[in-house]
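Notes follow once the structure below has been shown.
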Amino acid sequence: MKEVYVKDYLTLYITTIRGFVLEIDGTRPFIASSPTNGKETVEENWLSKNPYDNHYGDVHYYNYMTDCWNWTSYPKPRLASEYGFQSWPSFSTIRKVSAPEHWSYSSNFSGHRQHHDSGNEQMMFQASLHYKMPMNMDPLKQYYDTLYLTQVMQAQCVKLQTEFYRRSRGEIVNGEGLTMGALYWQLNDIWQAPSWSSIEYGGKWKMLHYYAKDFFAPVAASAVEDNNTLTIYGVSDLLTDCSLKLTIKVYRWDSLVPVCERVTDEFVLDASSSRVIYKESVTELLNRCGNISRQHSVVVFYLLHNGNLFGSKNWHYLSSLKDAQGLIKSNITVFISKDDAVYVFTLMSPNPAAFVWLDVWDIAGRFSDNGFLLTEEKTVVYFHAWEPTTVDELKKSLQISTIRDIYEE
């Protein structure tokens, strides 16, 4: 039977389709499949002995039952052409195709909308590794928070995995690495259901899509821990060199005042490169910051160019959020105004907050940032409406979630 499949595959994809494609356009290579080992696949008569060989071509990688914060679990391919994690869409999207009796994560409706085997359980398992599970006496709030938590998990997992691939463009280990591209699965949805998408059916951005604009920025910094050493990389897709500095701050979870701060000397980040720009023992870092613990603190870092913020701020959690000490429930006050065609959301907070999510329900549009780590008393976010709305409508619709607000203690 295998011989029949092989013959049919070669006849359809290589003899027929490849023949037509090269007849129309013979100026570029023909890729027979994804994943593929490129020229190695051709030399093996279009049938790779190991289609997931990290030394050649592109690789797909999905692993829902291994801790996504563990960077050592990821492959170092030439191209990561498919990877991802599921999440549920927001409640405002789900409620359009559901009834109140469906609004539970364990309902028959939740199982019916999930078309990936064990997908709902896998999301909760992955989330449970680093976050406390939602606990609320109100079943509707419990459901809303659970959907939010799946988006937190997805955004953070894909962020960490993508940052790993971008760092790997400048490294080769045992012949693996030099990763020159990363494509997460998937962009959008065809219905209201859990999926790997970063945009919900109807166009609403999930938390992942807000993260993607930052982790795919042309120039970015990302952090990784290995053997108690914090290493920060600079990555550039620009075609010119950049002169930059790196700022590193450490905050306690119960204070908006950084316990310590350091700005590096100026360095040059070469065009189209990835390299280490900072390295320090976590023990030494915490000792010079007042001998605080991992559970009480978080690292924030960002690039500077000519003294100005260059790109987006990034962060590194020194412990799982479920173990964080001093993280208190949010008390965020929001003032909304309009500036020409853009709505200005000014957030005032007396304490840090993680995964701050601004939700205006069915009002179509996007924020300039969302799902972020809040470490400043005043944070300004802009809302770009896709349809007519008003300040009053936005005030009535706005709901704010943070990771600390979803459980009682």
Side-chain angles (χ1 to χ4, degrees), residues 35 38 53-61 63 68-84 155-185 208 211-249 262-282 285 299-306 308-317:
D53 192 332
N54 292 324
H55 297 86
Y56 309 99
D58 64 311
V59 166
H60 298 181
Y61 182 79
N63 188 339
C68 76
W69 289 28
N70 178 12
W71 62 270
T72 65
S73 68
Y74 297 125
K76 295 178 76 73
R78 300 296 189 241
L79 168 65
S81 61
E82 198 176 307
Y83 58 95
Q156 181 72 356
C157 285
V158 178
K159 171 183 183 290
L160 294 174
Q161 189 170 358
T162 305
E163 289 176 340
F164 171 80
Y165 292 140
R166 293 197 70 187
R167 290 193 298 269
S168 297
R169 74 170 293 163
E171 296 180 340
I172 188 162
V173 179
N174 297 324
E176 299 181 354
L178 299 181
T179 306
M180 300 305 291
L183 296 168
Y184 71 78
W185 180 265
L208 170 57
Y211 278 36
K213 71 179 178 60
D214 293 334
F215 63 61
F216 274 143
V219 177
S222 67
V224 63
E225 263 192 72
D226 187 22
N227 294 324
N228 195 45
T229 297
L230 176 67
T231 303
I232 299 178
Y233 285 71
V235 181
S236 175
D237 288 338
L238 298 181
L239 300 180
T240 56
D241 299 346
C242 287
S243 294
L244 304 166
K245 293 182 179 180
L246 177 73
T247 297
I248 308 103
K249 296 181 179 181
R262 174 173 288 181
V263 180
T264 68
D265 293 334
E266 189 168 85
F267 60 88
V268 175
L269 185 59
D270 294 339
S272 303
S273 70
S274 168
R275 73 174 182 87
V276 175
I277 57 176
Y278 186 81
K279 182 178 288 190
E280 184 176 7
S281 159
V282 174
L285 172 66
V299 179
V300 176
F301 55 95
Y302 50 90
L303 298 169
L304 295 173
H305 178 65
N306 293 331
N308 299 313
L309 177 66
F310 192 77
S312 300
K313 293 183 178 181
N314 204 346
W315 55 85
H316 178 72
Y317 296 122

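In this structure, the separation between CD on Q161 and CG on N63 is 9.0 Å, given to the nearest 0.5 Å. One distance of note links CG of L178 with CD of E171; it measures 9.5 Å at 0.5 Å rounding. Taking CD1 from I277 and CG from L244, the interatomic distance works out to 7.5 Å, rounded to the nearest 0.5 Å. The OH atom of Y74 sits 8.5 Å away from atom OG1 of T162, with the distance rounded to the nearest 0.5 Å. To the nearest 0.5 Å, the span separating OG1 on T264 from CG on L246 amounts to 5.0 Å. Here the CZ-OH distance, from F216 to Y184, works out to 7.0 Å after rounding to the nearest 0.5 Å.
Looking at F215 and V235, their side chains never come closer than 4.5 Å, going by heavy atoms from C-beta outward. Using a 4.5 Å cut-off on side-chain heavy atoms (C-beta onward), Y61 and E82 make no contact. Taking 4.5 Å as the limit, every side-chain heavy atom of V158 sits out of range of all side-chain heavy atoms of Y211. A heavy-atom distance below 4.5 Å is found between the side chains of L304 and Y302.
Looking at S168 and K76, their side chains do bring a donor and an acceptor atom within 3.5 Å of each other. Side-chain contact check for R262 and Y278: at least one donor-acceptor pair (N or O, by modelled atom type) lies under 3.5 Å. Judged by distance alone, the side chains of T72 and N70 do bring a donor and an acceptor atom under 3.5 Å apart. Side chains of E225 and Y317: a donor-acceptor N/O pair is absent below 3.5 angstrom, by distance only.
Counting only residues at least two apart or on different chains, no salt bridge (charged side-chain N to carboxylate O under 4.0 Å, His left out) pair has a member in residues 173-184.
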Q.
Set out, in order, the CA-CA distance, both residues' side-chain angles and the distance that settles salt bridge (Lys or Arg N to Asp or Glu O under 4.0 Å) for K313 and D214, then state yes or no.
A. CA-CA 9 Å; K313 293 183 178 181; D214 293 334; over 6 Å; no

(Q) Under the criterion side chain to side chain contact (heavy atoms under 4.5 Å, CB included), I'd like the reasoning laid out for F310 against V219: C-alpha separation, chi angles, the key distance, then a yes or no. (A) CA-CA 8 Å; F310 192 77; V219 177; 3.6 Å; yes

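For H55 against G175, the heavy-atom pair with the smallest separation is CD2-O, 3.4 Å. The heavy-atom pair separating L269 from R275 by the smallest distance is CD1-CG, 4.2 Å. Heavy-atom minimum distance, S272 versus R169: O-NH2, 3.3 Å. Residues R167 and S222 approach most closely at NH1-OG, 3.0 Å, considering heavy atoms. For the pair F164 and P75, the tightest heavy-atom approach, listed with the atom from each and the gap, is CE2-O, 3.1 Å. Nearest heavy atoms, R166 versus A217: NH1-O, 2.7 Å.
Enclosure of atom NZ in K213 by more than 12 non-hydrogen atoms of other residues, nucleotides or ligands within 6.0 angstrom is indicated. Within a 6.0 Å sphere centred on CG of N174, other residues, nucleotides and ligands contribute 12 heavy atoms or fewer.
Side chain of N314 to backbone of F301: no donor-acceptor contact under 3.5 angstrom is found. T179 places a side-chain N or O within 3.5 Å of a backbone atom of P77 that can act as its donor or acceptor partner. Not a single donor-acceptor pair under 3.5 Å links the side chain of H60 to the backbone N or O of S81. The closest donor-acceptor contact from the side chain of D270 to the backbone of D241 lies at 3.5 Å or more, if one exists at all.
Under 4.0 Å is where a charged nitrogen must lie from a carboxylate oxygen, and between E163 and K159 at least one such pair does.
Taking the six-membered ring for Trp and the full ring otherwise, Y83 and Y165 have centroids separated by under 6.0 Å.
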